[in-house]
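Notes follow the structure.
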Amino acid sequence: MASGLGDRARWFRNIQANPHVHVTIGTHGPASATARVIPQDEADAALRTYISRHPRAWERFKSVLETTLGTPVAERNTPLPMVGLCLSRSPCRVWPI
């Protein structure tokens, strides 16, 4: 997950304070999970994957993110904070974007 408001977003600050969260994915009910802020190299890789899979969405979304963050968003050293989730009921794995 990307924090479009950067580290100012309340939900982002909340998971930093307490990474034990409940999430709803699609039509599945709330599930327990552990959130973690992913390191820069993983955030860059996740963003590159998103851009390659969703280029038209990225064209529209990029300017919105740059406006809310107040800085350009690039594929390397992205200023866009990202969070990974590990569902408690299953082994932790990286989900494709």
Side-chain angles (χ1 to χ4, degrees):
M1 296 180 301
S3 179
L5 291 175
D7 57 8
R8 300 182 316 261
R10 287 185 187 178
W11 72 266
F12 187 79
R13 290 185 296 182
N14 286 342
I15 62 104
Q16 287 180 303
N18 181 1
H20 302 288
V21 299
H22 290 92
V23 296
T24 300
I25 301 170
T27 59
H28 302 283
S32 295
T34 302
R36 72 176 178 95
V37 177
I38 61 175
Q40 187 70 58
D41 60 331
E42 288 181 44
D44 290 347
L47 183 58
R48 283 192 302 274
T49 299
Y50 180 85
I51 292 168
S52 71
R53 291 185 181 178
H54 309 282
R56 287 185 291 179
W58 179 245
E59 272 183 46
R60 294 187 305 269
F61 191 41
K62 182 180 180 194
S63 64
V64 173
L65 287 173
E66 290 177 338
T67 299
T68 60
L69 289 171
T71 188
V73 176
E75 293 179 39
R76 295 208 186 282
N77 296 318
T78 182
L80 185 63
M82 293 195 200
V83 172
L85 295 173
C86 212
L87 295 177
S88 299
R89 67 175 185 258
S90 61
C92 195
R93 61 175 257 204
V94 176
W95 294 92
I97 295 173

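Residue indices begin at 1 and follow the sequence shown. Below, all heavy atoms of this structure are taken into account, side chains as well, without hydrogens, waters or symmetry copies.
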Going only through I, L, V, M, F, W and Y residues with side-chain contacts under 4.5 Å, is there a path from V21 to I25?
yes

Given the rule that I, L, V, M, F, W and Y join up when any side-chain heavy atoms are under 4.5 Å apart, are L5 and V37 in one cluster?
no

Sub-3.5 Å donor-acceptor pair from the side chain of S88 to the main-chain atoms of S32, do we have one?
yes

Side-chain atoms of residues 71-85: list all donor-acceptor pairs with protein atoms under 3.5 Å, sequence neighbours left out, distances to 0.1 Å.
{"residue": "T78", "atom": "OG1", "partner": "L80", "partner atom": "N", "Å": "3.2"}

Do you know which two heavy atoms are closest between G4 and L65, and how far apart they sit?
CA-CD2, 3.6 Å

Under 4.5 Å between any side-chain heavy atoms of W58 and S52, yes or no?
no

Any chance you could measure L87, atom CG, to H28, atom NE2, to the nearest 0.5 Å?
10.0 Å

Could you measure the distance from the CZ atom of F61 to the CD atom of E66? Nearest 0.5 Å is fine.
11.0 Å

